[in-house]
Amino acid sequence: MAIEISEFTLQELLARGEDFLFPGGDTPDLIPRRMWNLVKANPDHPSDLPVAACLLVDGIRAASVTLPNQTVHFRGQSYPCLWGHLWAELPGNPMPGAGGLLLHQLVRRLTKRGVGFAATGPTESAVKVIKRLGIKRVAFCPRYVLAVGAGAVTRKLIKSRALEKAGVLAIGAGVGAWSRLASQRLRHDAGAYRRIDLDSWNADMRILDSNPRAGHIRVDRSAEFVGWKEAFSHWSAPAMTTRAFSLQRDGEPAGYVNLRHGVHNKLGSMGFENARLLRVMDCITDGPEATAAAVYHSIDIARETKCDFIEFVTNDAWVTQAARQATLRESNGMSVFLLKPEGWPSEIDEEPDLWNIGLMESDGAFSEAPAVDPSTQ
């Protein structure tokens, strides 16, 4: 049995063409087409690092992984890091365990080159393989949720169409009162800040350069990278739209917030169907008071857009403080796993409280095709 592991840079895949990536017939795609659109548009991917890798058994594609780059920054230094997305054994795989072998060999190659390997929110089966490779969980980002509308909750709890309208009124009154109370708990801190709605989160990124938490480990959030994520989201999830706003205090930038808004097919452990969700993807501010103001205005936007829920997934201490102050519900979240090469600072995998990341998903986890928006019915 001949086993071969191949890495592909963006330039190599562009030179080979889409017939190599998506051959059709019995040969599986090297990577999903939406991931190809993602990696080839990433402005921060070093040209000498692979965007995908594949394991072949006797010439047959058996497993693949997509590898978008998101550099890790700590104390003024930058560390290249590839994040494994859609690591999978391909259809027709002739060898059990091909995916694990691919990951094992790939990670060894990357770390020898001084490149880190990371994953966010892997499945339970993937976690077992990841831990066997010595990849450590370096951070956990809890999920903070607030119900701001009654539609999805009512549809879940009341199955009778005849009673649903009355249920929306009754449940809506309670949910509305609770969300207003949550906002009121943050109103005092928000008073010193002015919200400015933006056409694009890429409009003014000065706050990234003046962020006071230089001692925190952060994942790349350059202006170009955020603009790329926003553009990709429009392509990959047409049922979702982006929102953004900045905060100013005395005419100076104090924070920026990047949001995704859309209809989620099944949301949360209870499986709320066609739930209108406002998901906060990035919240970068210059202090805890500005963060409280950012959460305050995010809740207001969720109510303005008639969402069912607003959601933060973060381990940022300032966001956590504001979420708890507003009594948002804390539930399951997202784990971050990392294997760092020799020479990286020990704090990068030993100090989980230093990790400061925005949500890493690329398509917002919203419907990939427009769903029925219940607010239009």
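- Nearest heavy-atom pair across Pro352 and Asn315 is O-ND2, 3.6 Å.
- Among pairs with a residue in residues 323-348, those fulfilling ring pair (Phe, Tyr, Trp, His ring centres under 6.0 Å) read Tyr79-Trp344, at least two apart in sequence or across chains.
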Q: Verify side-chain contact (heavy atoms from CB on, under 4.5 Å) between Val148 and Phe309, making sure each step is shown before the conclusion.
A: CA-CA 5 Å; Val148 293; Phe309 300 96; 5.8 Å; no
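- Qualifying side chain to side chain donor-acceptor pair (under 3.5 Å) partners for Ser78, counting only residues two or more places apart in sequence or in other chains: His73.
- Checked by atom type and distance alone, the side chain of Asn258 never pairs as donor or acceptor with a backbone atom of Cys283 at under 3.5 Å.
- Of all the heavy atoms in Gly114 and Pro341, the pair that sits closest is C-CG, 3.4 Å.
- Looking at Asp29, its side chain never comes within 3.5 Å of a backbone N or O of Pro32 through a donor-acceptor pair.
- With a 4.5 Å cut-off on side-chain heavy atoms, Asp44 and Thr71 do not count as touching.
- In this structure Arg194 satisfies the side chain to side chain donor-acceptor pair (under 3.5 Å) test with no other residue, sequence neighbours excluded.
- A distance-only check finds no donor-acceptor pair linking the side chain of His261 to the backbone of Cys307 [under 3.5 Å].
- Hydrophobic clustering, with ILVMFWY side chains joined whenever heavy atoms are under 4.5 angstrom apart, groups Phe117 together with Val127.
- In this structure, Thr305 OG1 and Ile301 CD1 are separated by 7.5 Å, a value rounded to the nearest 0.5 Å.
- Side-chain contact between Asp316 and Trp355 is absent, with no heavy-atom pair separated by less than 4.5 Å.
- The SG atom of Cys81 lies 12.0 Å from the NZ atom of Lys340; values are rounded to the nearest 0.5 Å.
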Contacts table for residues 95-111: side-chain donor-acceptor under 3.5 angstrom, sequence neighbours left out:
from, atom 1, to, atom 2, distance (Å)
Arg109, NH1, Glu7, OE2, 3.4
Arg109, NH2, Ile5, O, 3.3
Thr111, OG1, Val107, O, 2.9
Thr111, OG1, Arg108, O, 3.1

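- Looking only at side-chain heavy atoms (C-beta outward), His45 and Leu10 stay at 4.5 Å or farther from each other.
- Taking 4.0 Å as the cut-off between side-chain N and carboxylate O, Glu18 and Arg33 count as a salt-bridged pair.
- The list of salt bridge (charged side-chain N to carboxylate O under 4.0 Å, His left out) pairs with a residue in residues 125-134, not counting sequence neighbours, is empty.
- Within the 4.5 Å cutoff, the side chain of Phe312 has no heavy atoms near those of the Val145 side chain.
- Within the 4.5 Å cutoff, no side-chain heavy atoms of Asp308 are placed close to those of Leu277.
- The list of side-chain hydrogen bond (donor to acceptor under 3.5 Å, both in side chains) pairs with a residue in residues 47-66, not counting sequence neighbours, is empty.
- Between the side chain of Thr27 and the backbone N or O of Pro23, no donor-acceptor pair lies under 3.5 Å.
- Residues satisfying the side chain to side chain donor-acceptor pair (under 3.5 Å) criterion with Gln321, sequence neighbours excluded, are absent altogether.
- No chain of hydrophobic side-chain contacts below 4.5 Å, direct or via other Ile, Leu, Val, Met, Phe, Trp or Tyr residues, connects Phe140 to Ile348.
- Within the model, atoms CG of Leu338 and CD1 of Ile135 stand 8.5 Å from one another, a figure rounded to the nearest 0.5 Å.
- A donor-acceptor distance shorter than 3.5 angstrom exists from the side chain of Trp83 to the backbone of Gln70, with no hydrogens or angles considered.
- For Phe20, the ring-ring contact (aromatic ring centres under 6.0 Å, His included) partners at least two apart in sequence or on another chain are Phe8.
- Minimum heavy-atom separation, Ala293 to Ala190: CB-CA, 3.6 Å.
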**Q.** From CA spacing to verdict: side-chain contact (heavy atoms from CB on, under 4.5 Å), Leu278, Glu311
**A.** CA-CA 6 Å; Leu278 184 73; Glu311 175 187 83; over 6 Å; no
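- Listed by chain and number, the residues in a ring-ring contact (aromatic ring centres under 6.0 Å, His included) with Tyr193 amount to none (sequence neighbours excluded).
- The shortest heavy-atom contact between Pro50 and Arg113 is CD-NH1, 4.1 Å.
- Here the closest heavy-atom approach between residue Gly84 and residue Leu67 is recorded as CA-CD2, 4.2 Å.
- Contact of the Asp197 side chain with the Arg195 side chain is registered, since non-hydrogen atoms from C-beta on lie closer than 4.5 Å.
- Between Thr9 and Val51 there is no side-chain heavy-atom pair separated by less than 4.5 Å.
- Residues satisfying the side chain to side chain donor-acceptor pair (under 3.5 Å) criterion with Gln325, sequence neighbours excluded, are absent altogether.
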Q.
If you apply the rule side-chain contact (heavy atoms from CB on, under 4.5 Å), what do you find for Leu259 with Phe245, and how did you get there?
A. CA-CA 9 Å; Leu259 311 114; Phe245 66 88; 3.9 Å; yes
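- Taking the salt bridge (Lys or Arg N to Asp or Glu O under 4.0 Å) definition, one finds that Glu350 meets it with nothing, sequence neighbours left out.
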(Q) Using the rule given for side-chain contact (heavy atoms from CB on, under 4.5 Å), can you reason through Leu30 versus Leu13, listing the C-alpha separation, both sets of side-chain angles and the distance that settles it, and then say yes or no? (A) CA-CA 10 Å; Leu30 179 67; Leu13 290 180; 3.8 Å; yes
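- Using a 4.5 Å cut-off between side-chain heavy atoms of Ile, Leu, Val, Met, Phe, Trp and Tyr, with links allowed through other members, Ile60 and Phe22 fall into different hydrophobic clusters.
- Closest approach of Ala254 and Arg249 over heavy atoms only: CB-NH1, 3.9 Å.
- With no hydrogens or angles considered, no side-chain donor-acceptor pair links Ser298 and Asp300 at under 3.5 Å.
- Both tests do not hold together for Arg187 against Tyr296: distance to the six-membered ring centre under 6.0 Å, angle to the ring axis within 45°.
- Atom CZ of Arg143 and atom CZ of Arg279 lie 6.0 Å apart (nearest 0.5 Å).
- Comment: Arg276 does not engage Glu304 in a salt bridge, judged by the lack of any side-chain N to carboxylate O separation of less than 4.0 angstrom.
- Every residue meeting the side chain to side chain contact (heavy atoms under 4.5 Å, CB included) condition with Glu330, not counting sequence neighbours, appears here in chain and number order: Pro142, Tyr144, Arg324.
- In this structure, Val65 is not a member of the same hydrophobic cluster as Leu56, with clusters built from ILVMFWY side-chain heavy atoms closer than 4.5 Å.
- Note that the CG atom of Leu354 and the CG atom of Asp349 stand 11.5 Å from one another [nearest 0.5 Å].
- Rounding to the nearest 0.5 Å places CD1 of Ile299 at 5.5 Å from CD1 of Ile310.
- Contact annotation: the side chain of Trp318 never approaches that of Ile284 to less than 4.5 Å [non-hydrogen atoms, C-beta and beyond].
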